[in-house]
Amino acid sequence: MKKACIFTFHNVPNYGAVLQTYALAHYIEANFGYHVDIMDFQCEGNGSEFEPTEFIKIACKSKKKIVSIYKKMMMSLYFEKGYRRKYLQFQEFKKRNLSVIPYDMAHIYDAVVLGSDQIWNPDITGGFQAEFFGQSKLIKGRTNVAYAASCGDVSALSEAQTNDLIEYTSKLDYVGVREKSLSVFLHEKGVNNTCTLDPTFLLSANDYNTLVQDKARETDPYILVYELQKNEEMEKLAFRIANEKNLKVRMLVGYISYSRKKSYEIRDAGPTEFLSLIKNADYILTNSFHGTAFSLIYKKDFNVVLPSTRTSRVIDLLNEIGLMNRIVAANECELNFEHIDYETIEDSIRKIEVSSKSFLREALGGDTD
């Protein structure tokens, strides 16, 4: 059996990060006959800083001692226990569903896959990391493939970083990038590449349902609010929608909170509960790209409030499939609850799925569905 390994952000207790890792590994194994390892490469943004004790310590840092003490007290009261439960569920999910191996031995793989996520964003990773460009001293690939890799905002890179990015990507065998802006930029610099979908779209709702151990369906229909960035206006909007549609509110919190947990908040969900909450929701409001992605995968009616940063991939995705009208302002006065006719956008979604799957087939060989 051929072997591949993936270098990506897999250590972050973030639903999108872990599920995109799972999706890419699962798709490659199911379609191309590889055994896939996830290389436990750790750097800034993908390391031990998410372990609960270290995470709480970092989150409570402050130049003012009194502020640090206050944060630590609030975290202890309202956040730490939930975060520890959430972290353990992420660890258990990886143990059950991913082949994560230590990054401590030399090995040659048939393919080294890089991505997805912002593995090329030097502000996140503490500078460009050679491993994320297929230039590891330990791990060698007969083929080096970037898939849906991102550098964040390419225009924010310094001149030196831009030159390095061009040099590193030009050495890859296949270059698949996530944002159109990066794809256009690399083409202009002579680096052949393909704009590829986030890996979560490589799998279907039925594929993800194999991970979900559904409890009994919630007695009361609900709107799921998935907040990756805190937005009080967005919470108010959620209750307006809930009142209009006669729904309860359930809010999945994806940020650090120093405040008392509200009755409708969920702070300790793992990846499988995340999928279950999406699957069973009657409506979804989110400011997260992956909240948007899984709303589409599960064919839900939803609205998106654009986050304060990193908006391009949400806009690119919704523009591509003709759903820009699902973007709303958090203080929106007029709300349109028009049902999404997924049959009318199926061809648009399928078109971009096929392009990404064809890219992987060319890079890795084999047939795709």
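Look at Glu233 and Lys236 and you find a salt bridge, because one of the NZ, NE, NH1 or NH2 atoms lies within 4.0 Å of a carboxylate O, short of that distance. Ion pairing between a basic and an acidic side chain is recognised when a charged N comes within 4.0 Å of a carboxylate O; Glu346 and Lys351 show no such pairing. Glu92 has a carboxylate O that lies under 4.0 Å from a charged side-chain N of Arg96, or vice versa, which qualifies the two as a salt bridge.
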- request: Could you walk me through whether Glu235 and Lys262 pass the side chain to side chain contact (heavy atoms under 4.5 Å, CB included) test, one step at a time?
  value: CA-CA 12 Å; Glu235 291 180 37; Lys262 297 169 185 173; 3.0 Å; yes
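At distances below 3.5 Å, at least one donor-acceptor pair connects side-chain atoms of Tyr342 with backbone N or O atoms of Lys300. Between the side chain of Asn287 and the backbone N or O of Leu228, at least one donor-acceptor pair lies under 3.5 Å. A donor-acceptor pair is defined here as one N or O able to donate and one able to accept, closer than 3.5 Å; no such pair exists between the side chain of Thr196 and the backbone of Ser356. Proximity of a side-chain donor or acceptor of Glu353 to a complementary backbone N or O of Arg350 within less than 3.5 Å is not detected. Judged by distance alone, with hydrogens and angles left aside, the side-chain atoms of Asn193 form a donor-acceptor pair with the main-chain N or O of Ser183 at under 3.5 Å.
Scanning for ring-ring contact (aromatic ring centres under 6.0 Å, His included) contacts around His35 gives an empty result, with sequence neighbours left out.
Note on residues 151-172: pairs passing salt bridge (Lys or Arg N to Asp or Glu O under 4.0 Å), not counting sequence neighbours, are Glu167-Lys171. For residues 293-323, every residue pair satisfying the ring pair (Phe, Tyr, Trp, His ring centres under 6.0 Å) rule, not counting sequence neighbours, is listed here: Tyr208-Phe294, Phe274-Phe294.
In this structure, Phe41 has its ring center under 6.0 Å from that of Phe132.
Residues Val112 and Val145 are not in side-chain contact: their nearest non-hydrogen atoms beyond the backbone lie 4.5 Å or more apart. Within the 4.5 Å cutoff, the side chain of Leu275 has heavy atoms near those of the Leu19 side chain. Residues Thr21 and Ile38 have side chains in contact (heavy-atom distance under 4.5 Å, counting atoms from C-beta outward).
Applying the 6.0 Å contact sphere to CG of Asn246 captures no more than 12 heavy atoms from other residues, nucleotides or ligands.
Relative orientation of the Tyr34 and Phe32 rings is perpendicular, given thresholds of 30° and 60° on the angle between their planes. Taking the six-membered ring where tryptophan is involved, the planes of Phe128 and Phe133 are perpendicular, since the angle between them exceeds 60° and thus also 30°.
Hydrophobic cluster membership differs between Leu98 and Leu88, with clusters built from Ile, Leu, Val, Met, Phe, Trp and Tyr side chains linked at under 4.5 angstrom.
None of Thr200, Asn14, Asp198, Thr8 except one satisfies the side-chain hydrogen bond (donor to acceptor under 3.5 Å, both in side chains) rule with Gln20; the exception is Thr8.
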